[in-house]
Amino acid sequence: MRKQVLSILVENTPALLSHVAGLFSRRGYNIDSISAGVTADPRVTRITIVTSGDEMILEQIEKQVEKLEDVLHVQILDPDQSVQRELMLVKIRARTEDRQNVLSISDIFHGKVVDVTHDSMVIEVTGHEDKLSSFLDMLDGYEILELARTGITGLTRGADDVYFVKDI
């Protein structure tokens with residue numbers, strides 16, 4: 001089993017995400033994470049899907065996604081040739097006496113406190129999934145009340161392989 005990150009440019013139409021997810025569901029392919037958002041061109045959405053399987057399955061996934069009607073471009077994001085990030089929000093039970101330690105841990109990981117109440121803190125951490133996992137490991141001993149992760153998003157490095165959308 002190998003993980004693969006697909007960056008998919010699609011026409012920004014209603015139900016586009018369900019078309020892509022439906023393909024995975026119908027074929028029994030696994031989605032480890034999925035994120036989507038509009039690009040600099042509001043007519044185009046970038047969907048980033050992390051999937052896993054053997055070489056044959058991953059090749060089939062790529063071919064099947066390319067055949068979808070609204071898909072403009074599919075690109076595999078090689079970890080060595082791309083920038084990949086994930087956002088995580090963690091709500092921690094933090095009494096007054098715990099806050100300085102939690103802040104110190106957050107600083108190490110360049111985390112940002114985005115909310116504080118009398119009994120909790122919400123910390124935002126962005127980075128590679130290994131960094132986020134390490135941050136969670138460092139919080140061992142603190143009660144994590146809630147956790148939300150966006151899934152990976154990414155772009156290739158450099159300007160040589162940028163796909164320019166022609167008239168849709």
Side-chain angles (χ1 to χ4, degrees), residues 1-10 12 14-25 29-53 58 61 65 74-159 161-163:
M1 292 285 275
R2 184 172 70 82
K3 269 190 177 179
Q4 183 166 275
V5 180
L6 297 173
S7 178
I8 308 164
L9 292 175
V10 297
N12 192 1
L16 72 93
L17 196 54
S18 67
H19 289 147
V20 174
L23 166 75
F24 279 76
S25 176
Y29 299 146
N30 189 45
I31 294 177
D32 297 330
S33 77
I34 185 168
S35 65
V38 71
T39 64
D41 181 341
R43 301 171 302 160
V44 179
T45 294
R46 180 180 306 276
I47 301 172
T48 306
I49 297 178
V50 180
T51 188
S52 54
L58 295 175
I61 290 171
V65 169
V74 177
Q75 189 169 35
I76 296 171
L77 295 183
D78 179 335
D80 296 331
Q81 301 298 318
S82 64
V83 177
Q84 300 176 19
R85 294 291 182 268
E86 183 176 3
L87 171 84
M88 178 173 65
L89 296 174
V90 184
K91 185 186 294 181
I92 304 163
R93 183 171 313 282
R95 297 176 303 269
T96 304
E97 60 270 17
D98 297 329
R99 290 179 193 215
Q100 191 54 53
N101 287 339
V102 171
L103 285 171
S104 295
I105 294 168
S106 297
D107 285 345
I108 292 168
F109 289 89
H110 303 288
K112 178 179 171 185
V113 175
V114 293
D115 186 62
V116 178
T117 65
H118 293 292
D119 59 353
S120 69
M121 299 171 74
V122 177
I123 300 166
E124 174 187 310
V125 182
T126 305
H128 192 271
E129 60 185 323
D130 292 343
K131 174 184 173 181
L132 303 186
S133 295
S134 295
F135 177 69
L136 291 174
D137 287 345
M138 291 300 294
L139 293 177
D140 188 37
Y142 295 98
E143 183 181 0
I144 295 176
L145 301 171
E146 291 184 287
L147 182 119
R149 293 176 84 152
T150 61
I152 293 171
T153 191
L155 295 171
T156 58
R157 295 181 187 274
D161 60 356
V162 173
Y163 178 83

Quick one: does Thr117's side chain get under 4.5 Å of Ser120's, heavy atoms only? yes
Are the side chains of Val50 and Gln4 in touch, meaning some heavy atoms are under 4.5 Å apart? no
Is it true that Arg157 and Ser82 share a donor-acceptor pair across their side chains at a distance under 3.5 Å? no
Asp130 atom CG, neighbour heavy-atom count above 12 within 6.0 Å: yes
Step through the shown structure and confirm whether more than 12 heavy atoms of other residues, nucleotides or ligands are within 6.0 Å of NZ on Lys131. yes
Looking only at heavy atoms, what is the nearest atom pair of Gly154 and Thr48, with distance? N-OG1, 4.0 Å
Could you state the interatomic distance from OG1 (Thr150) to CZ (Arg85), rounded to the nearest 0.5 Å? 12.0 Å
Using the rule given for side-chain contact (heavy atoms from CB on, under 4.5 Å), can you reason through Leu155 versus Val83, listing the C-alpha separation, both sets of side-chain angles and the distance that settles it, and then say yes or no? CA-CA 5 Å; Leu155 295 171; Val83 177; 5.6 Å; no
Test item: Thr39 side-chain N/O and Arg46 main-chain N/O as donor-acceptor pair under 3.5 Å: no
Which heavy-atom pair separates Leu132 from Gly127 by the least distance, and what is that distance? CD2-N, 4.1 Å
Rounded to the nearest 0.5 Å, how far does CD1 of Ile144 lie from CG of Leu139? 5.5 Å
Between Asn30 and Thr51, a side-chain donor and acceptor under 3.5 Å: no
What's the verdict on side-chain contact (heavy atoms from CB on, under 4.5 Å) for Val90 and Val122, showing C-alpha distance, side-chain angles and the deciding distance? CA-CA 5 Å; Val90 184; Val122 177; over 6 Å; no
Does a side-chain heavy-atom distance below 4.5 Å link Leu89 with Leu147? no
Locate the shortest heavy-atom distance separating Leu58 from Gly53; write the atom from each residue and the value. CD1-O, 3.6 Å
Check: Thr153 and Gln84 side chains under 4.5 Å, non-hydrogen atoms: no
Nearest-0.5 Å distance, OG of residue Ser33 to CZ of residue Arg149: 9.0 Å
Between Ala36 and Thr45, what is the shortest heavy-atom contact and its length? CB-CG2, 4.2 Å
How long is the straight-line distance from CE of Met88 back to CD1 of Ile123, given to the nearest 0.5 Å? 9.0 Å
Could you go through the salt bridge (charged side-chain N to carboxylate O under 4.0 Å, His left out) check for Glu129 and Lys3 one step at a time? CA-CA 13 Å; Glu129 60 185 323; Lys3 269 190 177 179; 3.8 Å; yes
So, the side chain of Ser35 versus the backbone of Ile152: is there a donor-acceptor pair under 3.5 Å, distance only? yes
Hey, does Ile8 have a side-chain heavy atom less than 4.5 Å from the side chain of Val65? yes
Are any side-chain N or O atoms of Arg43 and backbone N or O atoms of Asn12, one a donor and one an acceptor, separated by less than 3.5 Å? no
Taking all heavy atoms of Ser18 and all of Ala15, pick out the closest pair and write down the distance. OG-O, 2.8 Å
So, are Glu146 and Arg93 salt-bridged, with charged N and O less than 4.0 Å apart? no
To the nearest 0.5 Å, what is the distance between CD on Glu124 and OG1 on Thr126? 5.0 Å
Would you sort out whether Phe109 and Met138 count as a side-chain contact (heavy atoms from CB on, under 4.5 Å), showing the intermediate values? CA-CA 10 Å; Phe109 289 89; Met138 291 300 294; 3.6 Å; yes
Run the numbers on Ser104 and Gln100 for side-chain contact (heavy atoms from CB on, under 4.5 Å), then give the verdict. CA-CA 6 Å; Ser104 295; Gln100 191 54 53; 3.9 Å; yes
With a 4.5 Å limit on heavy-atom distance, are the side chains of Ile47 and Leu16 in contact? yes
Are Leu145 and Ile92 side-chain neighbours, meaning at least one heavy-atom pair lies under 4.5 Å? no
Nearest 0.5 angstrom please: Phe24 CZ to His19 NE2, how far? 14.5 Å
